[in-house]
Amino acid sequence: MIGVLQLFGVGLLVAWLGVVLYTAWSLGRVPRYTYGSAVARGRPGDPGELDRPTSYESFVVDGCACWSIEGDDPSGVVVVMVHGWSRSRIAALVRFEALRGVVSRVVAIDLPGHGESEGRCELGAGEWRVVRRVIEVVVADAGSPVLLHGWSMGAGVALEAAGRVDAGMVLGVVAEAPYAMPMTPARNVMQGMGVPWRLTLRPALFLCGLTRAKGPFWRGFDRRVLAERVDVPLLVVHGDADEICPVSDGRAIAAAAPRGELVEIEGGTHDGLWIDEESRERMASALRGFLRTIAP
């Protein structure tokens, strides 16, 4: 009997380890959202397919695919957009449409391991390096500072990048539906899918951290601490019904920033801010208002 119990225990341990390893692998190997993915959903796959097609150029920075999309206001701000986990630069198109009348250009990035870019997903731990490099390229080309706009995982990446570029390169930051620590969205996504997480997610994140820039305990990741170091205006926009990244995280991030402000979208969910018509209008209004306050 003891032997059977030992064998059973070993089997449980192996099964648990297998689930932990699979969870860690799944977090870092995101599904690619590409042109074909957008077309299959009946959505524009590039700026030339918008209802009002616009001129754009494609370029690559450190293996990451980017678009430079022409806005309607030549004297307007240049915006660098950073997408969230499992998304791509295609998600910037709906945001560009809301801002095209008040910006000169939008630069949208496919982060490593996403869309058409090389590399692997760093889960928000190291992507700031690519964003910083893009900012340097864009600022050198435009001759003026940029606005950083990131959502979900990309919001935290934008916050970290803003604190690591040379002074004067960034006018302000928009953090849309941010989260403070990686455990929060990962847990909520798994809960929403009905996948068990209590015994496997934390060790999976431990493993992910071992191979990423923040280490096994994700030191230096906390977006509240990063916000404290952002010395330019920060706008946090968050739906109060966000089921993935709770609005309490957005409030804490805005409160931590020296020049932070928070706009809560009533009834806004994580993926619905730009889908629901009322939420979309409030999002567009908040972003355009922020742009007016920081315009040089």
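- A heavy-atom distance below 4.5 Å is not found between the side chains of Asp242 and Val247.
- Arg212 contributes a side-chain N or O that, together with a main-chain N or O of Cys121, makes up a donor-acceptor pair within less than 3.5 Å.
- Counting all heavy atoms, side chain and backbone alike, Ile90 lies closest to Pro44 at CG2-O, 3.6 Å.
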Checklist entry - Should Arg87 and Asp271 be marked as a salt bridge (Lys or Arg N to Asp or Glu O under 4.0 Å) after you check the CA-CA gap, both sets of side-chain angles, and the distance that decides it? => result CA-CA 11 Å; Arg87 299 298 187 262; Asp271 291 322; 3.4 Å; yes

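- A ring-centre distance under 6.0 Å is found for Trp151 and His149.
- Taking 4.5 Å as the limit, every side-chain heavy atom of Val236 sits out of range of all side-chain heavy atoms of Val263.
- Atom-to-atom distance recorded for Leu93:CG and Tyr56:OH is 9.5 Å, nearest 0.5 angstrom.
- Nearest heavy atom pair, residue Trp67 against residue Gly45, reads CH2-O, 3.3 Å.
- Side chain of Arg100 to main chain of Glu70: no donor-acceptor pair is present (N/O by atom type, distance under 3.5 Å, no hydrogens or angles).
- Taking hydrophobic clusters as Ile, Leu, Val, Met, Phe, Trp and Tyr residues chained together by side-chain heavy-atom distances below 4.5 Å, Val19 does not share a cluster with Met193.
- Figure legend: Arg223 and Phe221 shown as a cation-pi pair, the cationic atom lying under 6.0 angstrom from the six-membered ring centre and within 45 degrees of its axis.
- No salt bridge links Glu49 with Arg43; every basic N to acidic carboxylate O contact stays at or beyond 4.0 Å.
- Other residues, nucleotides and ligands place no more than 12 heavy atoms under 6.0 Å from the CD atom of Glu118.
- Using a 4.5 Å cut-off on side-chain heavy atoms (C-beta onward), Arg120 and Thr211 make contact.
- Here the straight-line distance linking atom CZ of Phe290 with atom CD of Glu261 works out to 6.0 Å at 0.5 Å rounding.
- Side-chain atoms of Asp110 come within 3.5 Å of backbone N or O of Arg89 as a donor-acceptor pair.
- In this structure, Asn188 and Pro246 have side chains that are in contact, with non-hydrogen atoms separated by less than 4.5 Å.
- When atom types are taken as modelled, the side chain of Ser88 and the backbone of His114 share no donor-acceptor pair closer than 3.5 angstrom.
- A side-chain donor-acceptor contact under 3.5 Å links Trp218 to the backbone of Leu205.
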Next on the checklist: Working note: Asp73 + Val103, criterion side-chain contact (heavy atoms from CB on, under 4.5 Å); need CA distance, chi angles, decisive distance, verdict.
Outcome noted: CA-CA 5 Å; Asp73 183 358; Val103 301; over 6 Å; no

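- Panel note: side chain Arg133, backbone Val61; no donor-acceptor pair is recorded below 3.5 Å.
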Item to check | Derivation of the side-chain contact (heavy atoms from CB on, under 4.5 Å) call for Leu159 and Leu234 | outcome: CA-CA 9 Å; Leu159 283 170; Leu234 167 66; 3.8 Å; yes

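- For Glu127 and Arg129, the salt-bridge test fails: no basic side-chain N is under 4.0 Å from an acidic carboxylate O.
- Remark: side-chain polar atoms of Trp197 are not paired, donor with acceptor, to backbone N or O of Gln191 under 3.5 angstrom.
- Val102 and Val237 fall within the same hydrophobic cluster, where Ile, Leu, Val, Met, Phe, Trp and Tyr residues are linked whenever their side-chain heavy atoms come under 4.5 Å apart, directly or through other members.
- Comment: Arg164 engages Glu160 in a salt bridge, judged by a side-chain N to carboxylate O separation of less than 4.0 angstrom.
- Residues Leu201 and Phe206 fall into different hydrophobic clusters, defined by Ile, Leu, Val, Met, Phe, Trp and Tyr side chains chained together at heavy-atom separations under 4.5 Å.
- Ser55 OG to Ile69 CD1: the interatomic distance, rounded to the nearest 0.5 Å, is 11.0 Å.
- Salt-bridge annotation for Asp72 and Arg105: absent, with no side-chain N of the basic residue lying under 4.0 Å from a carboxylate O of the acidic one.
- Hydrophobic clustering (ILVMFWY, side-chain heavy atoms < 4.5 Å, transitive): Val173 and Ile135 are in one cluster.
- Taking every heavy atom of both residues into account, Ala38 and Tyr33 meet most closely at CA-OH, 3.5 Å.
- In this structure a side-chain-to-backbone donor-acceptor pair under 3.5 Å is missing from Arg229 to Gly163.
- A donor-acceptor pair under 3.5 Å is absent between the side-chain atoms of Ser117 and the main chain of Pro112, judged by distance alone.
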Item to check | Check against side-chain contact (heavy atoms from CB on, under 4.5 Å), Leu111 and Val131 | outcome: CA-CA 8 Å; Leu111 293 175; Val131 176; 4.1 Å; yes

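- Residues Val78 and Leu147 have side chains not in contact (no heavy-atom distance under 4.5 Å, counting atoms from C-beta outward).
- Residues Cys245 and His270 have side chains in contact (heavy-atom distance under 4.5 Å, counting atoms from C-beta outward).
- Atom CD1 of Ile275 is separated from atom OG1 of Thr269 by 7.0 Å, given to the nearest 0.5 angstrom.
- Residues Val30 and Ser86 share a closest heavy-atom pair of CB-CA, 4.1 Å.
- For the pair Ser152 and Trp85, the minimum side-chain heavy-atom distance is 4.5 Å or more.
- Side-chain atoms of Glu97 and Leu50, non-hydrogen and from C-beta on, do get closer than 4.5 Å to each other.
- Of the N and O atoms on the side chains of Glu176 and Trp274, at least one donor lies less than 3.5 Å from an acceptor on the other residue.
- Here the OG1-CG distance, from Thr54 to Asp46, works out to 11.0 Å after rounding to the nearest 0.5 Å.
- Side-chain atoms of Arg282 never come within 3.5 Å of backbone atoms of Glu278 as a donor-acceptor pair (strictly under, hydrogens ignored).
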Next on the checklist: Before you tell me yes or no, could you show the steps for Arg198 and Arg187 under side-chain contact (heavy atoms from CB on, under 4.5 Å), namely the whole-Å CA-CA distance, both residues' side-chain angles and the distance that decides it to 0.1 Å?
Outcome noted: CA-CA 8 Å; Arg198 296 183 186 279; Arg187 177 194 64 218; over 6 Å; no

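- Across every non-hydrogen atom of Lys214 and Gly220, the tightest pair is NZ-O, 3.7 Å.
- The hydrophobic cluster containing Trp16 also contains Leu210, counting ILVMFWY residues as joined when their side-chain heavy atoms lie under 4.5 angstrom apart, directly or transitively.
- Heavy-atom minimum distance, Met283 versus Leu273: CG-O, 3.6 Å.
- Between Arg251 and Glu264, at least one side-chain nitrogen of the basic residue sits less than 4.0 Å from a carboxylate oxygen of the acidic one, meeting the salt-bridge criterion.
- Within a 6.0 Å radius of CZ in Phe59, other residues, nucleotides and ligands contribute more than 12 heavy atoms.
- Each of Leu148, Val82, Leu226, Val130 was compared with Val157 under the side chain to side chain contact (heavy atoms under 4.5 Å, CB included) criterion, and only Val82 meets it.
- Note that CE of Met181 and CG of Asp249 are 10.0 Å apart. Values are rounded to the nearest 0.5 Å.
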